[in-house]
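Nothing here was measured: the structure is a model prediction, and the numbers come from that model. What you see below is based on every heavy atom in this structure, not just the backbone, and it leaves out hydrogens, waters and symmetry mates.
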Amino acid sequence: MDFTIEVERSLRVLDGAVAIFDAVEGVEPQTETVWRQADRYHVPRICFVNKMDRVGASFETSVESIRTRLDAKTVQVQIPVGIEETFTGVIDLVRMKSIVWYDEMGEDWSYEEIPGDMLERAVAARHAMVEKVADFDGEVLEAYIENRPVDADAIKRAIRRGTLTAKIVPVLCGSALKNRGIQPLLEAVSDYLPSPLDVPPIIGENTFTHEDEVRKADDDEPFAALAFKIMSDPYVGKLTYFRVYSGTLDTGTFVLNSTRGHKERVGRILRMHANHREDVRKVGAGDIIAGVGLKKTTTGDTICDPSHPILLEPMTFPEPVIGVAIEPKTKMDQDRLTESLNRLSDEDPTFRVTYDEDSGQTIISGMGELHLEVVVDRLLREFQVDANVGKPQVSYRETIKKPVRGVRGRFIKQTGGRGQYGDVVLNVEPTKRGSGYEFENKIHGGEVPREYIPAVDRGIQEASTAGPLAGYLLVDFKVELIDGSFHPVDSSEVAFKVAASMAIKEAVRRGDAVLLEPIMRMEITLPDDYVGEVISDINGRRGRLEGVEHHEGRQRIDVLVPLAETFGYATDLRSLTQGRATHHMDFFKYAEVPAGISQEIIARAKGH
């Protein structure tokens with residue numbers, strides 16, 4: 001969950017995916033999360049059951065868990081020859097041949113006839129495969145109905161069509177460690193997963209006409225690409241990964257960042273190969289590459305041909321829910337820390353860096369404890385910055401519960417020269433949770449001159465960054481400016497800004513201000529034996545049970561728990577269940593903090 005953005009942004013630009021499963025464990029909790037994300041992005045996929053040589057491996061059990069836990073229509077295109085230490089190869093049910101590996105590293109292999117003791121099982125498995133894919137090809141269906149042999153190419157076409165529409169999922173197996181089953185897997189990627197031409201054309205908004213525009217995966221179309229990942233490289237600086245949806249791009253070309261409205265030059269184009277890179281002069285539709293020289297482009301930005309501007313659907317990122325204070329260990333680390341944190345926040349949209357003026361602390365925020373631990377580790381390992389980290393802090397919010405009418409804020413300051421004069425009257429009312437801040441000018445006349453209205457709005461927003469209860473952000477309220485007065489000489493934007501700030505603080509004091517805390521939705525998967533203890537522990541953490549589902553001798557519990565009660569939960573859950581339970585969580589909503597706990601938080605914030 002801490003690194004969900006890595007999955008989200010990859011799935012946004014991928015045409016197809018290989019889902020890898022452990023032959024012993026089958027479907028695991030995080031697999032389900034990623035599988036559902038792939039469903040949301042409509043990514044066709046094939047499955048690879050890995051580690052067939054492990055003790056306890058079971059191909060059939062793993063396939064059954066994919067079918068039941070993920071609700072996937074699996075089609076076995078291979079079955080294993082041997083299991084655990086006797087795993088030597090696979091039977092290709094499409095070609096009806098056995099593939100055997102002879103050496104430890106999988107370099108010496110060949111197609112052979114199916115062993116006699118496995119022929120009956122292979123024939124039955126092929127019949128089941130043909131039955132499942134017959135719906136996707138007329139030739140296969142006809143042969144199946146007439147009980148005739150089916151051509152291998154026709155079966156491949158049928159499997160491909162079913163996979164591209166995400167109606168079936170081909171399943172293969174092997175052992176990556178020993179390089180067994182990898183060659184047929186790469187062939188399956190080519191045979192069954194989509195090429196850029198199989199994917200529907202991308203739709204974006206023309207930034208001139210604001211109408212929808214379609215871009216096909218064609219080199220002759222205008223250039224359009226989506227930046228989906230930023231990385232700091234020690235040799236070339238900032239790397240911008242992007243997926244080209246249409247057109248071509250040459251090294252040294254100027255492109256338009258249509259998200260931010262400025263032009264940038266692509267200095268170099270690199271094709272990345274895991275631990276090495278290759279310079280290329282030109283890329284076309286369907287390529288995923290990295291560009292050097294795009295200094296202002298960030299994750300989710302569209303880059304395109306300046307003469308054919310288009311804005312592709314942006315990426316959405318979850319808000320950080322946990323923060324810690326960070327400070328350099330030495331004076332020398334101060335500047336390097338700021339620079340390093342900025343580079344890390346460029347890379348990861350779910351990682352934020354803020355400065356708390358009240359406490360003077362630099363606060364880093366992320367998606368979980370592990371996320372922030374990895375950031376701190378990278379600071380030391382990659383950037384050579386030593387830093388002290390404070391205890392995780394919850395990002396509380398403040399809001400009001402009742403409307404307040406006619407609150408006046410007046411700022412009058414007389415000095416020897418020109419004075420200051422600002423006077424406003426506000427109505428403030430709570431809005432629904434998650435709606436944010438809203439400002440409305442209801443003055444019809446000259447009580448507050450028009451040029452001072454934006455200053456009133458700014459004064460309210462600046463004052464709302466630190467609420468009166470404990471200094472947290474004020475949210476979910478609407479302000480109406482209904483009256484005020486001005487002085488022809490002494491009034492200024494600063495005066496009205498201060499007056500608005502005074503009025504909003506008074507309104508919040510009168511409006512029954514309350515603290516809000518982030519509530520997390522947590523999913524816990526565990527054996528039946530431990531359900532009682534875990535639910536009891538959740539109740540002790542102010543959690544609320546949402547539902548319990550039974551899955552093959554294990555239970556899945558859905559609960560809502562305040563984030564403040566989840567620190568260190570992974571360790572506690574392992575203790576409660578002898579290490580047999582797993583959990584993950586994501587942000588659900590903000591909710592009011594109970595009165596007793598609220599008083600403790602306020603007292604702590606004020607240093608009492």
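Contact record, G300 with L226: O-CD1, 3.7 Å, taken as the closest heavy-atom pair. Taking each heavy atom of C304 and I310 in turn, the nearest pair found is SG-N, 3.6 Å. N179 and I182 make their closest contact through OD1-CG1, 3.4 Å (heavy atoms, listed as atom of the first residue, atom of the second, distance). Taking both residues in full, the closest heavy atoms of A463 and I504 are given as CB-CG2, 3.4 Å, listed atom of the first, atom of the second, then distance. Closest non-hydrogen pair, Q78 versus C173, comes out as OE1-N, 3.1 Å. Considering all non-hydrogen atoms of both residues, A227 and F242 come closest at CA-CB, 3.7 Å.
Side-chain contact between Y437 and L474 is absent, with no heavy atoms from C-beta onward closer than 4.5 Å. For the pair F477/I460, a side-chain contact is recorded, criterion being any heavy-atom separation below 4.5 Å from C-beta on. Within the 4.5 Å cutoff, side-chain heavy atoms of L379 are placed close to those of L344. Looking at heavy atoms from C-beta onward, V94 lies out of side-chain contact with D191 at the 4.5 angstrom threshold. Using a 4.5 Å heavy-atom cutoff, the side chains of I326 and V375 are not in contact. I363 is listed as a side-chain neighbour of T354, based on a closest heavy-atom distance under 4.5 Å. Under the 4.5 Å side-chain criterion, counting only non-hydrogen atoms from C-beta, P196 is in contact with R243. Taking 4.5 Å as the limit, every side-chain heavy atom of D22 sits out of range of all side-chain heavy atoms of N50.
With rounding to the nearest 0.5 angstrom, the CE atom of M272 is 5.0 Å from the CZ atom of R277. Taking CD1 of I364 as the start and CZ of F351 as the end, the distance is 4.5 Å to the nearest 0.5 Å. To the nearest 0.5 Å, atom CG of residue L239 and atom CD of residue E347 are 9.5 Å apart. Atoms CG and CG, on D137 and D153 in that order, are 10.5 Å from each other to the nearest 0.5 Å. In this structure, the separation between CG on L193 and CD1 on I46 is 4.5 Å, given to the nearest 0.5 Å. The CG atom of L312 sits 7.0 Å away from the CZ atom of R12 when rounded to the nearest 0.5 Å.
Within the structure, the side chain to side chain donor-acceptor pair (under 3.5 Å) test picks out the following pairs touching residues 381-390 (sequence neighbours left out): D377-R381, R378-E382. Contacts classified as ring pair (Phe, Tyr, Trp, His ring centres under 6.0 Å) and involving residues 258-305 (residues at least two apart or in different chains) are given here: H273-H276. Screening residues 192-216 for ring pair (Phe, Tyr, Trp, His ring centres under 6.0 Å), with sequence neighbours left out, gives no hits. Residue pairs meeting the side chain to side chain donor-acceptor pair (under 3.5 Å) criterion with at least one partner in residues 492-501, sequence neighbours excluded, are Q420-S492, R458-E493, E462-K497.
Below 30°, between 30° and 60°, or above 60°: for F496 and Y452 the angle between ring planes is below 30°, a parallel geometry.
The closest donor-acceptor contact from the side chain of E398 to the backbone of Y472 lies under 3.5 Å. N257 places no side-chain N or O within donor-acceptor distance of the main-chain N or O of K263, the cut-off being under 3.5 Å. When atom types are taken as modelled, the side chain of T259 and the backbone of T302 share a donor-acceptor pair closer than 3.5 angstrom. Side-chain N or O atoms of T165 include one that pairs as donor or acceptor with a backbone N or O of R161 at under 3.5 Å. Remark: side-chain polar atoms of T248 are not paired, donor with acceptor, to backbone N or O of G284 under 3.5 angstrom. Of the possible donor and acceptor atoms, one in the side chain of Q183 sits under 3.5 Å from a partner among the backbone N and O of G106. Checked by atom type and distance alone, the side chain of T251 pairs as donor or acceptor with a backbone atom of V280 at under 3.5 Å. Under a 3.5 Å cut-off, the side chain of R265 and the backbone N or O of G293 do not form any donor-acceptor pair. The closest donor-acceptor contact from the side chain of K238 to the backbone of K295 lies under 3.5 Å. In this structure, the side chain of D218 does not engage the main chain of S246 through any donor-acceptor pair within 3.5 Å.
R343 pairs by the side chain to side chain contact (heavy atoms under 4.5 Å, CB included) definition with S232, E339, F383, not counting sequence neighbours. The salt bridge (charged side-chain N to carboxylate O under 4.0 Å, His left out) search around K178 returns D53, not counting sequence neighbours.
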Does the side-chain hydrogen bond (donor to acceptor under 3.5 Å, both in side chains) test come out yes or no for R433 and T399, once each step is laid out? CA-CA 9 Å; R433 200 72 72 235; T399 192; 4.6 Å; no
CA sep, side-chain torsions, deciding dist, call: L249, V244, side chain to side chain contact (heavy atoms under 4.5 Å, CB included): CA-CA 9 Å; L249 178 68; V244 182; 5.7 Å; no
Report the C-alpha distance between D305 and L256 in whole Å, list the side-chain angles of each, state the deciding distance to 0.1 Å, and finish with yes or no for side chain to side chain contact (heavy atoms under 4.5 Å, CB included). CA-CA 6 Å; D305 182 342; L256 171 68; over 6 Å; no
Determine, step by step, whether W35 and C47 satisfy the side chain to side chain contact (heavy atoms under 4.5 Å, CB included) criterion, reporting the C-alpha distance in whole Å, the side-chain angles of both residues, the deciding distance to 0.1 Å, and the verdict. CA-CA 11 Å; W35 189 272; C47 295; 3.8 Å; yes
Carefully, step by step, assess K167 and K73 under the rule side chain to side chain contact (heavy atoms under 4.5 Å, CB included). CA-CA 7 Å; K167 290 183 177 170; K73 190 174 181 183; over 6 Å; no
Test log, rule salt bridge (charged side-chain N to carboxylate O under 4.0 Å, His left out), inputs K216 and E221: CA-CA 7 Å; K216 296 174 185 171; E221 291 263 308; 5.6 Å; no
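Looking at R215 and E213, a side-chain N of the basic residue comes within less than 4.0 Å of a carboxylate O on the acidic one, giving a salt bridge. For D71 and R36, the salt-bridge test fails: no basic side-chain N is under 4.0 Å from an acidic carboxylate O. Of the charged side-chain nitrogens involved, at least one lies within less than 4.0 Å of a carboxylate oxygen, so that R271 and D287 count as a salt-bridged pair. Using a 4.0 Å cut-off between charged nitrogen and carboxylate oxygen, R160 and D198 count as a salt-bridge pair. Using a cut-off of 4.0 Å between Lys/Arg side-chain N and Asp/Glu carboxylate O, E187 and K156 are scored as not salt-bridged.
Taking the six-membered ring where the residue is Trp, the centroids of F48 and F21 are separated by 6.0 Å or more. If you look at F587 and Y590, their ring centroids are closer than 6.0 Å.
Few gaps surround NZ on K478; more than 12 heavy atoms of other groups in view lie less than 6.0 Å from it. Within 6.0 Å of the CZ atom in R450, the count of heavy atoms belonging to other residues, nucleotides or ligands does not exceed 12. Summarising the local packing, CG of N342 is surrounded by more than 12 heavy atoms from other residues, nucleotides or ligands at distances under 6.0 Å.
Side-chain contact check for T330 and D333: at least one donor-acceptor pair (N or O, by modelled atom type) lies under 3.5 Å. Residues T297 and E264 have side chains that bring a donor and an acceptor to within less than 3.5 angstrom of each other.
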